[in-house]
Engineer: 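Sending over a structure as structure tokens; questions will come in a sec.
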Amino acid sequence: MGLPAGTVIGRYRLAEARPDPPRGTYRATSTETGRPVLLTFLAPLERSAERSFDQRAAQLINLRHPGIASMLAYGVESGSPYVVHEQVAGQPLGALLDRSETFSPGPMPLLRQVAAALDFAHAAGVVHGDLQPDVVMLKVNGDAILTNLGIAPLVERAGGAGRSSAYRAPEQARSGAASAAADRYGFAALASVLMRKLGAAGGGSAELDCVLIRGLADDPSARWPSCTAMVEAMTGAMQAPTPRARQRSRLGLWVAIAGVALVSVFALLLVLNQPPSEPSTAGVAPATMTLSRGAVPAGTSLVVSGANLPPHQAGQVELQSRTQLLATFTADQSGGFSVAAAIPADTTVGDHTLALCWNNACPLKQALTVARPLTNPSPSPGSSPSPSPTPSSSPSGAAAGASPTASP
């Protein structure tokens, strides 16, 4: 039997009914202050994981930063562990991107705030584990608040598995283990989507691409040492003089050689006026994109291949109809690649657009039909199977922190 609305869990009252067994994040209110909070039930604990859960939750409850939604309490109810976070008034970044909305003050201040929050958590020995647009809340004043910090590692330790995400680093997709380096990969993926979706003011795209590509490196040690270091490098790349600016700065030199240039142009025109020779039929083959299938059920995968791209070009596969990063790739020396792309299980059934993107553009696109999810879909590449948890009737300790600092 589920938990009805009004059920009191610790010092919090559920504002909506719960299924049986309880799982997921639901609205609740504090029985002491009446302020709204978010209460998240995790997978049932194995007895061997109870101590680890207590240690990790106690570490999170003491973490306080203006850019992080605070954990307020944790405990165990009917064998299911739960955590309580403050509820942040605002909109998730993912929803704004899906609607192609712009926001003030723009991508760079937002990225700087998220970077500061992540670096603070990493310095305290805490990782996020599931960084993506949906966990970044934008308040009315434009401030970015990082939510669900540390939930994915708690789920992992509680015997469950976090959801698969294209923002996950390759090593985390393989092992399921969260780390600070994996968080920094997710931050680079988030920055890549934001800069292309909302635009980067100033700077050459090549310099900015180099910064983003380093952040998305397969080798964790090759990535930026911190999220703030990456933001500073992005700022420098965007402030670098463009080719047009460099030309203006050398205007005097161009004026000085203008006469010589004109003479060269007239000489070239004389040559071009000669009868043309037979044009060469040799040319550079255009870049192409191939899908392993044109229709795929939601929650499953397909293989995306490319050919004739620039050698060693790094880029990504996007589901443009919902602004979803599906996979990243690096072409070989011949300009080819193949990568598995997992279609999110909550993707709307119908026609969508899949795109290959690099150098801040998405030149290759194909239509993709998403069908209803399979009854028992096969696991997508990069996802971790969820082990069968063994419920425990032994409760774990609970702790309480400060009162919520944000009201809806």
Engineer: For Arg293, look at atom CZ and say whether over 12 heavy atoms of other residues, nucleotides or ligands are found less than 6.0 Å away.
Structural biologist: yes
Engineer: Quick one, Leu110 and Pro107 - any side-chain contact, counting heavy atoms below 4.5 Å?
Structural biologist: no
Engineer: With no hydrogens and no angle check, is any side-chain donor or acceptor of Ser175 less than 3.5 Å from a backbone partner on Ala177?
Structural biologist: yes
Engineer: Do Cys362 and Leu356 come close enough that some side-chain heavy atom pair is under 4.5 Å?
Structural biologist: no
Engineer: Whether the side chain of Glu16 engages the backbone of Arg27 through a donor-acceptor N/O pair (distance < 3.5 Å, no angle test) should be reported.
Structural biologist: yes
Engineer: Do Ile61 and Leu72 come close enough that some side-chain heavy atom pair is under 4.5 Å?
Structural biologist: no
Engineer: Report, as yes or no, whether the 6.0 Å neighbourhood of atom CD on Gln333 holds more than 12 heavy atoms from other residues, nucleotides or ligands.
Structural biologist: no
Engineer: Is there a donor-acceptor contact under 3.5 Å from the side chain of Asp119 to the main chain of Thr228?
Structural biologist: yes
Engineer: Would you say the side-chain atoms of His85 pair up with the backbone N or O of Ala73, donor to acceptor, closer than 3.5 Å?
Structural biologist: no
Engineer: Might you point out which heavy atoms bring Leu354 and Met289 nearest each other, and give the distance in Å?
Structural biologist: O-CE, 3.6 Å
Engineer: Can you give me the closest heavy-atom contact between Ala314 and Trp358, atom names plus distance?
Structural biologist: O-CB, 3.5 Å
Engineer: Are the side chains of Thr29 and Arg35 in contact, using a 4.5 Å heavy-atom criterion?
Structural biologist: no
Engineer: Here's one to test your reading of the geometry: is the NZ or CZ of Arg214 within 45 degrees of the ring axis of Trp224 and under 6.0 Å from its centre?
Structural biologist: yes
Engineer: Measure the shortest side-chain to side-chain distance between Val8 and Leu14 over non-hydrogen atoms and say whether it is less than 4.5 angstrom.
Structural biologist: no
Engineer: Would you say Ser30 and Arg13 are linked by a side-chain donor-acceptor pair, where the criterion is simply a distance under 3.5 Å?
Structural biologist: no
Engineer: Could you tell me whether the side chain of Gln87 and the main chain of Leu38 form a donor-acceptor pair under 3.5 Å?
Structural biologist: no
Engineer: Quick check: closest heavy atoms across Gln316 and Leu325, and the distance to 0.1 Å?
Structural biologist: CB-CD1, 3.4 Å
Engineer: Where do Val88 and Ala69 come nearest, in terms of heavy atoms and distance?
Structural biologist: CG2-CB, 3.9 Å
Engineer: Does Asp134 reach the side chain of Thr147, with side-chain heavy atoms less than 4.5 Å apart?
Structural biologist: no
Engineer: Keeping the roles fixed (side chain from Thr31, backbone from Arg11), state whether a donor-acceptor pair exists under 3.5 Å.
Structural biologist: yes
Engineer: Hey, is CZ on Arg99 packed in by over 12 heavy atoms from elsewhere, all under 6.0 Å?
Structural biologist: yes
Engineer: Under 3.5 Å, is there a donor on one side chain and an acceptor on the other for Tyr185 and Thr328?
Structural biologist: yes
Engineer: Whether the side chain of Glu77 engages the backbone of Tyr82 through a donor-acceptor N/O pair (distance < 3.5 Å, no angle test) should be reported.
Structural biologist: no
Engineer: Parallel, tilted or perpendicular for His65 and Phe120, by the 30°/60° rule?
Structural biologist: tilted
Engineer: Are Leu93 and Val135 side-chain neighbours, meaning at least one heavy-atom pair lies under 4.5 Å?
Structural biologist: no
Engineer: Answer yes if the side chains of Thr40 and Thr25 hold a donor-acceptor pair under 3.5 Å, and no otherwise.
Structural biologist: yes
Engineer: Would you say the side chain of Met195 lies within less than 4.5 Å of the side chain of Met108, judging by non-hydrogen atoms?
Structural biologist: yes
Engineer: Would you check if there is a donor-acceptor pair between the side chains of Gln366 and Thr353 at a distance under 3.5 Å?
Structural biologist: no
Engineer: Under 3.5 Å, side chain of Gln113 to main-chain N/O of Ala144, donor-acceptor pair present?
Structural biologist: yes
Engineer: Would you call Glu171-Arg223 a salt bridge at under 4.0 Å N-O?
Structural biologist: yes
Engineer: Looking at Thr330 and Phe337, what are the two nearest heavy atoms and their distance?
Structural biologist: O-CB, 4.1 Å
Engineer: Please confirm whether the backbone N or O of Asp54 pairs with a side-chain atom of Gln59, one donor and one acceptor, at under 3.5 Å?
Structural biologist: no
Engineer: Could you check whether any side-chain N or O of Asp332 sits under 3.5 Å from a backbone N or O of Gly335, counting only pairs where one atom can act as donor and the other as acceptor?
Structural biologist: yes
Engineer: Please check if any side-chain donor atom of His122 sits under 3.5 Å from a side-chain acceptor atom of Asp183, or the reverse.
Structural biologist: yes
Engineer: Evaluate Thr235 against Arg112 for side chain to side chain donor-acceptor pair (under 3.5 Å), listing each step before the verdict.
Structural biologist: CA-CA 10 Å; Thr235 302; Arg112 192 175 296 277; 3.1 Å; yes
